[in-house]
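This one's a predicted model, so the numbers in the text were calculated from it and none came from an experiment. Counting begins at 1 with the first residue of the sequence.
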Amino acid sequence: NFNAGVYLLAWSQKEDVVGLKAPKKEKRVKKENRTQPPVEAPYVAPKTKISIKPVPDKTVEIFDGMTLLDLSKRTGAYISTLQGILADLGEKVESEFDSISIDLAELVAMELGVNSRRMHTGEGKNEPRPAVVTVMGHVDHGKTSLLDALRQTSVAAKEAGGITQHIGAFVVEMSSGASITFLDTPGHAAFSAMRARGAAVTDIVVLVVAADDGIMPQTLEAMSHAKAANVPIVVAINKCDKSGADPERVRIQLGSEGLLLEDMGGDVQVVEISAVTKTGLDKLEEALLLQAEMMDLKARIDGPAQAFVVEARVDRGRGPLATAIVKYGTLVSGQHIVVGAEWGRIRSLRDTAGNITQSAKPAMPIEIEGLKGLPMAGDDVVVVDSEERARMLSHGRKKKQEKDRLRKIDEGMAEELEIKEETPERVEMTIIVKADVQGSVQAVTDALRSLNSAQVFVNVVHVGVGPISQHDIDLAQACGAYIVGFNIRSPPSPITQAAARANIKVLLHKVIYHLLEEMGKAIVEKAPGTAETQVSGEAEVLNIFELKGRSKSKGPDVKIAGCRITDGHFSKSGTMRLLRSGDVVFEGPCESLKREKKDAETVEKGNDCGLVIQDCDDFQVGDIIQCVEQVIRKPKFISTQSGSVRIEC
């Protein structure tokens with residue numbers, strides 16, 4: 001009680017005591033009279049913060065029926081976070097052992113910012129399916145002619161210059177009753193991306209090599225695509241009916257490139273054919289059926305389908321159309337699908353003959369109608385349960401694509417800032433690309449971007465499928481762009497007149513060679529060139545004349561070198577270099593150049609002239625004077641025999 005009494009005494013006397021802090025007096029605030037009732041605001045739950053370990057470019061494998069625990073382990077996110085995302089999507093998952101669909105798993109992965117790869121199970125009824133065969137080879141080695149002979153139709157006649165421009169998928173009924181799905185891929189170097197997509201969906205590659213031409217650069221490229229996709233190769237040596245054919249030389253070349261042929265103890269079959277005379281086609285058919293039988297090709301036919309887009313285009317009356325090949329399951333008309341970042345409901349399915357069919361089984365190429373937008377060639381076709389789910393998946397994929405695009409732009413701008421000081425300033429050439437199908441758009445765009453050089457930056461500002469429209473003209477006028485149309489019809493006269501009034505160059509081509517050649521010339525013209533110093537002429541001093549006693553108005557005394565041009569020409573605008581015994585004595589601009597007492601701009605080889613160099617009076621007989629001029633050297637457009645093009649500065 002004594003201690004308590006001391007503290008109470010100190011407190012009453014307002015004295016500071018060690019360890020005891022007096023509370024501060026607060027000001028009294030008069031409360032306002034509330035005349036209105038308080039506003040009732042709805043309760044807003046705090047947004048859950050997504051916590052995930054930062055892993056750059058992380059890709060997780062997802063499958064149908066995976067549990068929430070599996071998804072949590074693969075993505076590194078908490079289960080409560082995943083449950084919150086699913087609740088936002090309208091799905092209630094209480095237990096971590098509950099299974100979710102593959103579509104929900106992809107939506108959750110996109111929300112987390114993680115890349116996902118769909119893994120489709122092979123469970124179900126498996127049945128034998130036809131082989132998907134891709135015909136590859138160098139340009140003009142007879143790929144389309146071979147397919148023409150196999151299916152007894154004329155496709156090569158419709159192609160510009162006999163060169164296939166985009167992928168065609170066809171089902172060929174063999175004489176033995178078996179059917180084989182053929183993909184005809186273009187042979188030009190610019191369409192390597194389309195050829196790579198063809199190898200991604202194929203089972204067997206037929207490598208066509210001309211017997212009179214042998215292995216060419218694109219033959220090796222086709223071999224590398226097939227090996228990278230782990231696809232067996234059957235070699236077809238074409239044009240064996242020609243006089244200069246040498247199949248043995250082709251065999252030796254293929255063996256030297258690492259292709260183990262059957263003749264040399266390997267497992268790669270070789271067939272000698274002629275697409276024109278139709279000889280050896282039965283042997284090629286036997287080789288393909290034998291290879292397919294060895295591979296024992298089977299696929300699940302029941303359940304939702306998985307397909308890959310081979311080509312996409314816009315039809316004037318039917319809208320966006322996608323040519324696809326079914327890999328698993330059965331695609332049925334009326335289903336809701338998501339193709340890449342686009343979605344839609346299948347309005348109709350058409351086979352390669354153009355007939356409407358209700359369903360498509362594995363290895364069957366079909367044309368899908370009913371998409372809301374144009375997909376990219378190579379996109380996968382995914383069947384979903386409802387329109388709402390299709391919309392959500394499409395929206396999420398578009399959002400992710402835009403995010404990736406902006407990230408690439410940021411990375412490119414950072415790289416440009418780093419190398420801006422080292423590289424000279426470039427001129428920008430803006431281009432708008434329009435083509436008949438999506439695959440051609442991508443291939444033409446890649447080919448044009450390969451024409452980038454140190455002086456000209458090729459900037460493709462817009463790409464599209466279909467004819468040239470007024471919107472394209474307006475965009476080209478706004479940014480001063482060229483419009484490149486590939487394999488499309490000529491625009492109507494109002495569009496042509498609008499382009500002429502706006503001074504917009506429209507280039508229409510059906511063959512990629514001619515398109516790249518014309519664009520290469522345009523790029524060379526637009527290039528600023530590099531300034532180089534070169535000796536344009538050389539003269540020998542034969543005599544020296546002096547003008548003395550000039551008036552002040554005319555200036556001081558002048559020494560004139562009487563010269564004879566021994567090489568090239570002299571120009572008054574050039575810089576004069578005085579040489580004595582091989583050493584440079586003086587260098588300066590030309591003050592006066594006369595020929596036969598008359599002022600001259602240029603003096604050619606073999607003529608005499610009088611020359612005055614500004615601030616120079618140290619001439620001697622026998623000196624050599626060089627005329628140095630600055631010239632602008634333009635880059636060169638180089639096209640090789642294999643079809644590749646480049647700009648050389």
Side-chain angles (χ1 to χ4, degrees), residues 57 59-62 64 101-111 113-120 166-167 169 183 193-194 196-201 304-315 318-329 331 335-347 349 360 365-408 433 435-446 460 462-466:
D57 298 331
T59 303
V60 298
E61 293 179 350
I62 57 174
D64 204 12
S101 67
I102 192 169
D103 302 330
L104 279 174
E106 185 182 345
L107 286 168
V108 171
M110 283 191 292
E111 192 69 26
V114 178
N115 299 323
S116 60
R117 183 168 61 246
R118 287 176 170 246
M119 304 297 292
H120 293 271
H166 54 80
I167 293 175
L183 290 181
M194 294 173 70
R197 283 198 303 275
V201 296
Q306 183 196 9
F308 290 97
V309 176
V310 179
E311 200 44 83
R313 63 188 176 91
V314 175
D315 187 82
R318 296 160 60 199
L321 302 175
T323 304
I325 291 184
V326 180
K327 198 158 188 180
Y328 305 109
L331 196 64
Q335 289 179 326
H336 290 93
I337 56 172
V338 178
V339 187
E342 304 296 338
W343 72 278
R345 183 176 178 271
I346 301 176
R347 196 181 304 133
L349 295 172
I366 37 92
E367 193 173 59
I368 301 171
E369 181 183 343
L371 293 172
K372 301 294 180 185
L374 194 69
M376 304 288 283
D379 284 344
D380 59 333
V381 180
V382 177
V383 179
V384 294
D385 300 333
S386 62
E387 180 181 332
E388 184 187 2
R389 185 60 50 80
R391 284 176 185 271
M392 290 169 71
L393 264 177
S394 172
H395 176 70
R397 288 183 176 183
K398 283 180 179 175
K399 195 174 173 183
K400 187 175 181 304
Q401 281 183 0
E402 183 67 15
K403 192 176 178 182
D404 292 343
R405 187 182 69 85
L406 293 173
R407 181 170 55 83
K408 285 180 181 176
V433 176
D436 56 340
V437 291
Q438 186 68 41
S440 296
V441 168
Q442 294 175 11
V444 171
T445 304
D446 293 341
V460 180
H462 176 67
V463 296
V465 175

Peer 1: Grab the two heavy atoms, one from A322 and one from P375, that are nearest each other, plus how far apart they are.
Peer 2: CB-CG, 4.1 Å
Peer 1: Just so I know, are the side chains of T323 and V309 near enough to count as touching, which here means a heavy-atom distance under 4.5 Å?
Peer 2: no
Peer 1: Can you find a heavy atom in the side chain of V326 that is under 4.5 Å from one in the side chain of Q306?
Peer 2: no
Peer 1: When you measure from the side chain of S394 to the backbone of A390, do you find a donor-acceptor pair of N or O atoms at a distance under 3.5 Å?
Peer 2: no
Peer 1: Measuring from I346:CD1 to Q335:CD, what's the distance to the nearest 0.5 Å?
Peer 2: 5.5 Å
Peer 1: Do V383 and H336 have side chains that get closer than 4.5 Å, going by heavy atoms?
Peer 2: no
Peer 1: To the nearest 0.5 angstrom, please state how far the CG atom of L331 sits from the CD1 atom of I337.
Peer 2: 6.5 Å
Peer 1: Would you check if V433 and H462 make a side-chain contact, meaning some heavy-atom pair closer than 4.5 Å?
Peer 2: no
Peer 1: Return the CD to CD distance between E111 and E106, rounded to the nearest 0.5 Å.
Peer 2: 12.5 Å
Peer 1: So, are R397 and E402 salt-bridged, with charged N and O less than 4.0 Å apart?
Peer 2: no
Peer 1: Side-chain contact test, heavy atoms from C-beta onward, threshold under 4.5 Å: evaluate it for K372 versus R345 and give yes or no.
Peer 2: no
Peer 1: Just checking E388: does its CD atom have more than 12 heavy atoms from other residues, nucleotides or ligands closer to it than 6.0 angstrom?
Peer 2: no
Peer 1: If you look at every heavy atom in V314 and V465, which pair is closest and at what distance?
Peer 2: N-CG1, 3.6 Å
Peer 1: Are side-chain heavy atoms of L371 and R347 found at a separation under 4.5 Å?
Peer 2: no
Peer 1: Main chain of E369, side chain of R318: is a donor-acceptor contact present, judged purely on distance under 3.5 Å?
Peer 2: no
Peer 1: Can you confirm whether W343 sits close enough to E387 that some side-chain heavy atom of one is under 4.5 Å from a side-chain heavy atom of the other?
Peer 2: yes
Peer 1: For M392 and L107, work out which heavy atoms get closest and say how close.
Peer 2: O-CD2, 3.6 Å
Peer 1: For the residue pair F308 and I325, establish whether any side-chain heavy-atom pair is separated by less than 4.5 Å.
Peer 2: no
Peer 1: Closest heavy-atom contact between V441 and T445?
Peer 2: O-OG1, 2.6 Å
